[in-house]
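Since the structure comes first, as structure tokens, the remarks are kept for the end.
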Amino acid sequence: MSFWRRTRALRWWIIGIVMLGTIVNYLTRSTLAVAAPTFMADLHIDEHQYSWITAAFQAGVMLQPIVGYILDTIGLRTGLAIFATCWGVLTMGHGLAFSWQMLFGLRGALGFAEGTSHTGGLKVVSEWFPAKERGLAGGIYNLGASAGSALAAPLVAWSIWMWNWRAAFVIAGALALFWVLLWLRFYRSPAEHPDISEEERAYILAGQEAHTLAAGARPSVLSILRQRNFWGIAIPRFLADPTWGTLTFWLPLYLVKVRHFDLGEIAISAFLPFVAADLGCLFGPTVVLWLQRRGVDLIDARRWTFTLGAVLMTGMLFVGSVESAWAAVALLSLGGFAHQTLSVTCITMASDLFRRDELGTVAGLAGTCANASILIFSLLMGSLVASIGYNPFFIALGLLDLVAAAVLWTLVRKPA
């Protein structure tokens, strides 16, 4: 009997592999921001052109409904292997760029390919975990988003110090190709996996709500868009995700231009908000479980946890006004913690409300809304930051999640 059959814990190994894939996904997308101060000087790129480069990525990610539909149609194992291979190849291609236009094209293609990260992860959580464990499982795989972004800072700084900014993209892309091999070696669905015990398979199946079970039909986009529960998730994600876009794409530039950090200080400071975000990924599901054990319904527990994260996010109001650069980093770290507390809660809620065979499409459509807001916010920053500074944007980030919490309470209805 295999180790996993004896322990009946194969599902936790599976989510660990997904977490590694999310780490690689966010490492490859975050490499650009950390390398930005160096390659912008090398390629003579200004902040306005940089905003279009980041916007291209968000435009590509906004096509998540397409990649989500593909994953729902051809399956997770094949779909993620194909898209993750594209992550690697396109990231390595960044190292060959010689103009902002070339980076613009590469980022758009990379955004499309990397749109599978949350859609795929959410489908794995839905298939492999009973309802009571989905929050923790979602928090674990979402750790990868913060960890990958955090690892980008020291990796890129080291690559630039050892070689140049181009080497950072090659190394990040190679890691994506390695993960594809790991994924193909170990991933199967619970129904097909040779190492799952019958007890664990039965435990997973027994913990699935009836309304989330697959109906054997292709997902209908129009049907999903007509549901208020979809908008109850999509609108809060639209309001919340500019925080993540700001931390991922603009933090190093802010620290260099406003706080006058050098490469070594960036390697440390740009790392910290994402470490805090990792803690938020675990804190959110822990609060949900704590509330459930005290008799709070699952959907309400997620809403209260989201609201707590929104209140903590108000610390972002003061990032631009504090005198100490490291106090600003501390507030940005609080923002990273608060964002992941509420983000993983909102993302996981989709698996409580929708069928498994439409979940990829739901996640893709909600992801489009989230990334549309990052695109808009990033373009506004690129156009206005030189004239009005960063402070108005930090104030907006401190307030938007309070509005998102109100929407979550207003629109989401519990399943019958």
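Residue numbers start at 1 and run along the sequence shown.
Within 6.0 Å of CZ on Arg293 lie no more than 12 heavy atoms contributed by other residues, nucleotides or ligands. More than 12 non-hydrogen atoms from other residues, nucleotides or ligands lie less than 6.0 angstrom from CH2 of Trp409. More than 12 heavy-atom neighbours from other residues, nucleotides or ligands sit within 6.0 angstrom of CZ on Arg294.
For the pair Arg29 and Tyr26, the cation sits on the ring face: its NZ or CZ lies under 6.0 Å from the ring centre, inside 45° of the axis.
Considering Thr348, Asp352, Asp297 in turn, Asp352 is the only one that fulfils the side chain to side chain donor-acceptor pair (under 3.5 Å) rule with Arg302.
In this structure, Ile374 and Gly245 approach most closely via the heavy-atom pair CG2-CA, 3.8 Å. Glu127 and Ile204 make their closest contact through O-CG2, 3.5 Å (heavy atoms, listed as atom of the first residue, atom of the second, distance). Closest non-hydrogen pair, Ser373 versus Pro242, comes out as OG-CD, 3.4 Å. Annotation for Ser126 and Arg134: closest pair CA-NE, 4.3 Å, computed over non-hydrogen atoms. The two residues Ala310 and Leu402 have their closest heavy-atom pair at O-CD2, 3.8 Å. Residues Trp231 and Pro236 share a closest heavy-atom pair of O-CD, 3.7 Å.
When ring centroids are compared, Trp250 and Tyr50 come within the 6.0 Å threshold.
Between atom CE of residue Met40 and atom CG of residue Leu253 there is a gap of 5.0 Å, rounded to the nearest 0.5 Å. Here the straight-line distance linking atom CG of Leu400 with atom CD1 of Ile395 works out to 11.5 Å at 0.5 Å rounding. Summarising the geometry, atom CG belonging to Leu334 is positioned 8.0 Å from atom CE belonging to Met313; distances are rounded to the nearest 0.5 Å. From Phe337, atom CZ reaches atom CG of Leu282 across 9.5 Å, with rounding to the nearest 0.5 Å.
Contacts of Trp183 classified as side-chain hydrogen bond (donor to acceptor under 3.5 Å, both in side chains), with partners at least two apart in sequence or in another chain: none. In this structure, Phe318 has no ring pair (Phe, Tyr, Trp, His ring centres under 6.0 Å) partners at least two apart in sequence or on a different chain. When the ring pair (Phe, Tyr, Trp, His ring centres under 6.0 Å) test is applied to Trp161, no partner is found at least two apart in sequence or on another chain. In terms of the salt bridge (charged side-chain N to carboxylate O under 4.0 Å, His left out) criterion, residue partners of Glu133 (sequence neighbours excluded) are, by chain and number, Arg11.
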Would you give me the side-chain donor-acceptor pairs under 3.5 Å for residues 262-278, sequence neighbours excluded?
residue : atom : partner : partner atom : Å
Asp262  : OD1  : Gly264  : N            : 3.2
Asp262  : OD1  : Glu265  : N            : 2.8
Glu265  : OE1  : Asp262  : N            : 2.9
Ser269  : OG   : Glu265  : O            : 2.7
Asp278  : OD1  : Ala147  : N            : 3.3

Residues Trp12, Phe129; criterion ring pair (Phe, Tyr, Trp, His ring centres under 6.0 Å); working and verdict: CA-CA 9 Å; Trp12 298 108; Phe129 289 87; 4.9 Å; yes
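Electrostatic pairing of Asp300 and Lys414 counts as a salt bridge here, judged by a charged N lying under 4.0 Å from a carboxylate O.
Between the side chains of Thr305 and Thr345, not a single donor N or O lies within less than 3.5 Å of an accepting N or O. Looking at Thr28 and Glu114, their side chains do bring a donor and an acceptor atom within 3.5 Å of each other.
Among residues at least two apart or in separate chains, ring-ring contact (aromatic ring centres under 6.0 Å, His included) pairs with a member in residues 367-403 are Tyr254-Tyr390, Tyr254-Phe394, Phe377-Phe393.
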